[in-house]
Amino acid sequence: MEILRIEHLSKQYGQGESAVKALDDISFSVQKGEFVAIIGPSGSGKSTLLHMLGGVDRPTSGNVYVEGTDMYTLDETQLAIFRRRQIGLIYQFFNLIPVLTVEENMTLPLLLDKQKVDPKQLDVLVQTLNLQHRLNHLPNQLSGGQQQRVSIGRALISNPAIMLADEPTGNLDSKNSKEIVDLLQMLNKTYQQTLLVITHDERIALQADRVISIEDGRIARDEVIRP
Ligand SMILES: Nc1ncnc2c1ncn2[C@@H]1O[C@H](COP(=O)(O)OP(=O)(O)OP(=O)(O)O)[C@@H](O)[C@H]1O
Ligand SMILES: [Mg+2]
């Protein structure tokens, strides 16, 4: 089943002399349960692509369909709700809210969406992420790996259609990186979570089903590793 389709996506930053074409006519589609690694040199447009897929910033032209919804036909309010429900975003520097506990950070998307927390679902997620002894801690009382697990929990709490990660291990030592890679792999295999992960980390790229290389805002290669 196709879960994500990108058609002729382009993004230009700025105007005139200072204009930068960060994405230049990108098209591809992703099936449910695929684990896609996105690689490419610095400045090639990887983060820009993720932002367009995540509804963080609007493209200059082109379409992004998530489970059939043409995301950029939505107005700002609808887009914010759609993002919160359908897209889980993970960043290199975790982006947790420092004054909220682990549990509050994880359940924030539901709160913002005026939805109830299902205690059973939260419990399963907390166990999966091995955070059961950290629920009342603040982010600065956690290791980098634990903080990233909280941000993965926050991304997963609304059962998103797709999970997007921008260098999720970029700020972690090798032991914590391995834990996060194993966790992403498990979420993909056990729960068929669709994953798109930007990475310089070979271990992640090797776990993926498919590797898309971006160069100069275009797809240079799109290779299926595991069908
Ligand atoms: N907000 C912005 N305004 C202007 N130009 C931008 C903006 N964001 C990115 N760019 C430019 O767009 C191009 C693509 O940037 P992007 O951040 O997507 O690259 P990247 O592949 O993620 O690089 P890295 O591996 O270093 O994170 C770069 O030339 C960058 O300078
Ligand atoms: Mg980037």
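Each ligand, and each atom within it, is numbered from 1 in the order the structure gives. Excluded from the calculations below are hydrogen atoms, water molecules and symmetry mates; all remaining heavy atoms, backbone and side chain alike, are included. Keep in mind it's a predicted model, so treat the numbers as computed, not measured.
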Tell me whether S158 contacts the main-chain N or O of A155 through its side chain, where contact means a donor paired with an acceptor under 3.5 Å.
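Flag not set: sc S158 to bb A155 has no pair under 3.5 Å.
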Would you find a donor on one side and an acceptor on the other, under 3.5 Å apart, between the side chain of K32 and the backbone of Q193?
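Such a contact is absent between K32 side chain and Q193 backbone.
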Every residue of the protein that comes under 4.0 Å of ligand 1, judged on heavy atoms:
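For ligand 1, the residues that come within the 4.0 Å heavy-atom cutoff are Y13, V20, A22, P41, S42, G43, S44, G45, K46, S47, T48, H200.
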Look at the N, O or S atoms of T48, main chain and side chain alike, and state whether any lies under 2.8 Å from the Mg ion (ligand 2).
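Checking the Mg ion (ligand 2) against T48, no N, O or S atom falls under 2.8 Å.
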Given the ring of Y72, does R58 sit roughly above its face, with NZ or CZ under 6.0 Å from the centre of the six-membered ring and within 45° of the axis?
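Here R58 fails the 6.0 Å and 45° test against Y72.
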Partner set under salt bridge (charged side-chain N to carboxylate O under 4.0 Å, His left out) for D75, not counting sequence neighbours
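Partners of D75 under the salt bridge (charged side-chain N to carboxylate O under 4.0 Å, His left out) test: none.
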Mind running side chain to side chain contact (heavy atoms under 4.5 Å, CB included) on L184 and M163 for me, showing each step along the way?
CA-CA 10 Å; L184 291 175; M163 195 160 165; 4.2 Å; yes
When rounded to the nearest 0.5 angstrom, what distance separates OG in S143 from CG in L172?
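Output value for this atom pair is 8.0 Å.
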